[in-house]
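In what follows, chains are A, B, ... by sequence order, proteins preceding strands, each numbered from 1. Here the structure is a predicted model, which is why all the values come from computation and not from measurement.
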Number of protein chains: 2
Amino acid sequence: MPRNTETKPDARRKLLDSARMKIRKTGFGSMTVDELCKDAGVTKGAFFHHFKSKEEFGVATANNWDELTSGFFKDAPYHTLADPLERFLGYIRFRRELVTGDIYEFTCVVGTMVQEIFETSSDIRDACHESMFNHAELLVDDIEAAMNIYPPNTKIDAHSLALHTQAVFQGAFVLAKSTNNAAKAREIAWEMIDHLERYVLLLFGQTTNDGGKK
Amino acid sequence: MPRNTETKPDARRKLLDSARMKIRKTGFGSMTVDELCKDAGVTKGAFFHHFKSKEEFGVATANNWDELTSGFFKDAPYHTLADPLERFLGYIRFRRELVTGDIYEFTCVVGTMVQEIFETSSDIRDACHESMFNHAELLVDDIEAAMNIYPPNTKIDAHSLALHTQAVFQGAFVLAKSTNNAAKAREIAWEMIDHLERYVLLLFGQTTNDGGKK
DNA sequence: GACAGAATACCAACCAGTTGGTATGTTTTG
DNA sequence: CAAAACATACCAACTGGTTGGTATTCTGTC
């Protein structure tokens, strides 16, 4: 029985892949190692070969999520736009488009995790923090450039605004999870993101002629 | 040994009181019945006398949270303001003031719960949904009245805007939980709420002369 | 043949929920 | 009106299944 000769995805990878779905569905605490291994098609021995504890696996999952999203957004199309405000708006619109499929597919792994482990595991908490805050930080340059071109009436901090985008997404996910079906969940998330877009447009003095936008 | 003749707070009440803190700290799944009972100073037998399962207790906790917050906001001072926009802003500012103390004291029970049980318990999920959405609904009348007095440039839905306030609070709590101390957590939550206030002001055509607001 | 990756078997601690029982309050009835 | 019958609130000990984690062995590759 050849174990894993040409099929690259090894146990570690499979576990991290499955954890992303599992955690968004049940949270970290309620995700058991046994079930995760079953989902990933991997034995428990393999799990504890690669990770010395469930907590360490939590940290690895947060880091993995960070790498995954970082790479994904680095290659996103909105970066090619000439205007920095358009790039910022492009980011928001891009994330709006990512709200598709089932709830556990478009919500956030680290946002879910941090809610329940912030008091019990500082390592996982810090890893989640890094993922969210570093991601927000990627927006700061565009926001600052946009503020130079379209100076807002109010003095606002670019870091704070970048973080606010993350807050709106996270909050939208919480509301989305409270609905009883994916279609309604997406609808709500979209609406919340539309408010965020509108806020940015108003902030930078753009007229919002989106008329009957849903 | 007289059990509970004149000492009013019975086991049921004590359990619900403790659960509010416990759930915000550890989430629902990771909260064990044993530990909850220990915290509440109640035996496990009492728990299962009042609630026939942990899940039913989760529903009761969400309903209890709903009643508690409903009552609390009904008596809040901002309702006496004459202008509906001021009442809406008053709500936001009131909630900003509630962000004090430790993280598990100002974050949201149902927001935490729904993230991890939305797939595993539809009963708890629905109870959380009701708590959040009914709470948002309380803002709709003031928002609609404000829109009549200060018509926004953009056509927006009052229900959607009301929901957006909840999204920002929920998102702020997620970010807050990712920090490593309560002071930083509050700082972030306040910043996010300031953005929300600014959005509302811009939306209703008010100039935001909050200058160097932190 | 050394060594990493993976499988099996196992454990002690822990978990939600159950049991059988006691103390108190309330309702029914002779 | 008092005793019997019932209902409620609670308790401590227990149970069967589950949990994170370990010890050991096996397998393929350099």
Aromatic contact, A/F118 with B/Y104 (centres under 6.0 Å): no
Whole-Å gap separating C1' (D/dA23) and CZ (A/F47): 17 Å
Regarding the side chain of B/K54, the nearest nucleotide among D/dC10, C/dG17, D/dG20 is C/dG17
Would you mind telling me which residue lines up with the more 5' stretch of DNA chain D, B/R12 or B/D34, judged by nearest nucleotide? B/R12
Locate the shortest heavy-atom distance separating A/R125 from B/K177; write the atom from each residue and the value. CG-O, 3.6 Å
Please determine whether a side-chain nitrogen or oxygen atom of A/H50 lies at a distance below 4.0 Å from atom OP1 or OP2 of C/dA6. yes
Between A/E35 and A/K52, who's closer to the 5' end of DNA chain D by nearest nucleotide? A/E35
Kindly compute the distance separating CD1 (A/I124) from OG1 (A/T61), expressed to the nearest 0.5 Å. 8.0 Å
Identify the heavy atoms of A/D66 and A/S131 that sit nearest to each other, and give their distance. OD1-CA, 3.6 Å
Consider the side chain of B/K44, meaning its heavy atoms from C-beta on, and name the nucleotide among D/dG21, C/dA6, C/dA16 that approaches it most closely. C/dA16
Does A/H49 have a side-chain nitrogen or oxygen under 4.0 Å from the phosphate oxygens OP1 or OP2 of C/dG5? yes
When the distance from CZ of A/F51 to P of D/dT19 is rounded to whole Å, what number comes out? 19 Å
In whole angstrom, what separates B/F57's CZ from C/dG17's P? 12 Å
Candidates C/dT18, D/dG20, D/dC10 - which lies nearest the side chain of A/T32: D/dG20
Spacing of B/K14 atom NZ relative to D/dC10 atom P, expressed in whole Å: 8 Å
Nearest to the side chain of A/S53, which nucleotide is it out of C/dA16, D/dG21, D/dC10? D/dG21
Candidates C/dA7, D/dT19, C/dA16 - which lies nearest the side chain of A/T43: C/dA7
